[in-house]
2 protein chains.
Amino acid sequence: MSEPTHETAQELAPPPERARTITDLARIAGVSPGTVSRALAGKSLVNAKTRERIEALAREHGFRLNQMASRLRRQKTGVIGVAIPLGHDRRQHISDAFFMTLLGYLADELTERGYDLMLRRVIPDRDGDWLDRFVGSGMVDGVIVIGQSDQFERIEAAAARFLPMVVWGNHQEGQRHCVVGTDNFAGGRLAAERLIAAGASTIGFLGSTDPIEFAARYAGAKSVADDKGVPIRALPTHLSPEHAADEIAAHLASDMAGIDGIFAASDMLAIACMTELQKRGIDVPGGMKLVGFDDLPIASQTRPALTTIRQDIAAGAARLADLLLRRMGGENTASVVLPPELVGRQTA
Amino acid sequence: MSEPTHETAQELAPPPERARTITDLARIAGVSPGTVSRALAGKSLVNAKTRERIEALAREHGFRLNQMASRLRRQKTGVIGVAIPLGHDRRQHISDAFFMTLLGYLADELTERGYDLMLRRVIPDRDGDWLDRFVGSGMVDGVIVIGQSDQFERIEAAAARFLPMVVWGNHQEGQRHCVVGTDNFAGGRLAAERLIAAGASTIGFLGSTDPIEFAARYAGAKSVADDKGVPIRALPTHLSPEHAADEIAAHLASDMAGIDGIFAASDMLAIACMTELQKRGIDVPGGMKLVGFDDLPIASQTRPALTTIRQDIAAGAARLADLLLRRMGGENTASVVLPPELVGRQTA
DNA sequence: CGCCTGATTGCAAACGTTTGCATTTTTGTA
DNA sequence: TACAAAAATGCAAACGTTTGCAATCAGGCG
């Protein structure tokens, strides 16, 4: 802006030549590029004094190692790919609360372990090849897939050829890919048991049953309901927050015949449902019992506080990171199924 | 498992040799690597028939271009870096709701435009060099910084040397770095005006004033309060959800002298505050007016529904992406300040 | 049939590191 | 002082693409 450059110019040290490549720096230091590389990598082969001198010069000349070149040469990237397939509901936004929470914890875990995280949102039916493209791109050392969506078969196929991949989702007997996830069937059972214990005589399952996680939740709830002779019915609803409210309103207005207990496939759906119920003056839990799924931070903050099935997201993220790193080390890890936990609050 | 390999082996076509490099594929196709490269890039210089043949072979042999090498050679990466500095509150988790929502929209925007997204969480006081390291790594074509935290000076310094960077945060007169953000001062004014109009006679500002965004919100509220002769006081609170509840409870238990209107620095704080108030039997808005900030999706789902200052996160993400891409094209863009909007619901 | 033009293709040099091996320098020992 | 061993450095070949330039080829025209 207004620095008096002309007055002091002759006094200033010349701005240090910027060393862009390791070769620039080697020339400045009067050594070979190889030595610079070893010095900056902290290898023991270089003389301690040389190393210090080179490190000082690197700082002074603002040198940054070109990661692209380094990674090409070393054939590893230090990057973990995170893919979020949006197959079952194209309108489901990547900013889905559950995925975002899981992603946040994952970022913490992986950053802590020195990895960067490359995020990719994929719309499978637009790009049938997405998983192979991602794992084969050479840009990532391993891949975490958040949510199987409706891509189970494709993931199985990729797992056969590609070791370092771990998936968040549902576990099925005999599947090949390594998965971390909550026992959704057991979670569904817990939800139904709670609703019935709270006095529900007919249950509605709010959500989609296309993604296998949700299908398992419904199946779990149904197994309990069938045992106890309680009717249960699916109330199909999309998952994107924008559309859910209207669809819930439509359900509430039409086909609720006898339903006095709702098991929502996710907390966000449960909260949207609660709002719609309250709009209609239906008391929760007086007129309608309600159980959610996930136990997002927000679940404890609603009024009445939401009874829900807790997925331990932080633990899940830690397991995902742990298993992936072990697979990257060549180990062939087994899947992990986390136990769900009923968090009894006020809505059922 | 149990495939009868020995019986049918002689019938099967030999599994196609897997082409790992462009040179493999060139050998198979009987052309030079250069031609393969051009064919796969869809350049017009190659004969259409040759191109088709090579594309078919690439599919057949499962060839994937090594992005690392490609990007090294082309000197561009197709990756946008997203950095989340956690300076002002080391305990603020990356899974902060507002950042995650913004990140989700950003991922959508950038994916749509063909870029990948590399996420990095930085703890500035552990690593004073974080920004330079990120932009100089050669791993990204441009950088988006989400939140200035307390790193204003460092960001300014980096902006002087590095064009393709856009920051989400607060705008200050005369700053050098290109920022997109809500007019926090104006937002603070809206909040205070609403509280006062609703009858508040003394205002508490719930949150930290260390990050400049929050400082500006407080300053805006204070300017209105001072004009109207309404006392206003800061109630310092950390932002991480785990700690906020206890701190809010402590405030509520001790130094609320006369406060009957609270302006919370974020919706999450507002919701936590509402829960604490309700625990104590204080009616909202009867006994305490409450205004939040952000208008997260959840704000409309609370009971009573939260009155808040809306930041248009989707629009902000779109502007961030747009400005960054233009900067990557060499343009020197000006900052964008988005107008906040009062969303009047039930809490004030 | 020869020459010219334009369309394809091949060649080889980058991009900036890392690393095995050879070479030089230093150190220790006889 | 000489020699071996150890330590430090240099050399050059990778890593897998892309791309400017040169070479080849096919076709058209006189």
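Below, chains carry the letters A, B, ... as their sequence lines are ordered, and counting in each starts from 1.
- dA7(D) atom C1' lies 13 Å from atom NZ of K49(A), rounded to whole Å.
- Note that CD of Q151(A) and CD1 of I212(A) are 11.0 Å apart. Values are rounded to the nearest 0.5 Å.
- For the side-chain hydrogen bond (donor to acceptor under 3.5 Å, both in side chains) test, no residue two or more places apart in sequence or in another chain qualifies with T23(B).
- For Y115(B), there are no ring pair (Phe, Tyr, Trp, His ring centres under 6.0 Å) partners two or more places apart in sequence or in a different chain.
- The list of ring-ring contact (aromatic ring centres under 6.0 Å, His included) pairs with a residue in residues 117-149 of chain B, not counting sequence neighbours, is empty.
- Residues forming a ring pair (Phe, Tyr, Trp, His ring centres under 6.0 Å) with F162(B) (at least two apart in sequence, or on another chain): none.
- Distance, R27(A) CZ to dG10(D) C1': 17 Å, rounded to whole Å.
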For residues 315-322 of chain B, run the donor-acceptor check on the side chains, cut-off 3.5 Å, and write out each pair with its distance to 0.1 Å, sequence neighbours left out.
from: D322(B); atom 1: OD2; to: R326(B); atom 2: NH1; distance (Å): 3.2

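- Contacts classified as salt bridge (charged side-chain N to carboxylate O under 4.0 Å, His left out) and involving residues 155-170 of chain B (residues at least two apart or in different chains) are given here: D132(B)-R161(B).
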Listed pairs, N/O of protein and of nucleotides 22-25 of chain C, under 3.5 Å:
none

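- Rounded to a whole Å, the CZ atom of R53(A) is 12 Å from the C1' atom of dT9(D).
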Taking distance alone, no hydrogens or angles, what donor-acceptor pairs closer than 3.5 Å link side-chain atoms of residues 163-172 of chain A to residues at least two apart or in another chain?
from: N170(A); atom 1: OD1; to: N184(A); atom 2: ND2; distance (Å): 2.7

(message) Output one letter per nucleotide in nucleotides 12-23 of chain D: B when a protein non-hydrogen atom lies under 4.0 Å from the base, S when only the sugar-phosphate is that close, - when neither is.
(response) -BBBBBBBB---
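- R27(B) is linked by a salt bridge (Lys or Arg N to Asp or Glu O under 4.0 Å) to E17(B), D24(B), counting only residues two or more places apart in sequence or in another chain.
- Atom-to-atom, CG of N47(B) to P of dG6(C) comes out at 18 Å; the value is rounded to the nearest Å.
- Applying the ring-ring contact (aromatic ring centres under 6.0 Å, His included) test to residues at least two apart or on different chains, none of the pairs has a partner in residues 17-47 of chain A.
- The overall bend of the helix from dC1(C)-dG30(D) to dA30(C)-dT1(D), read as the angle between its terminal helix axes built from five base pairs each, is 50° when rounded to 10 degrees.
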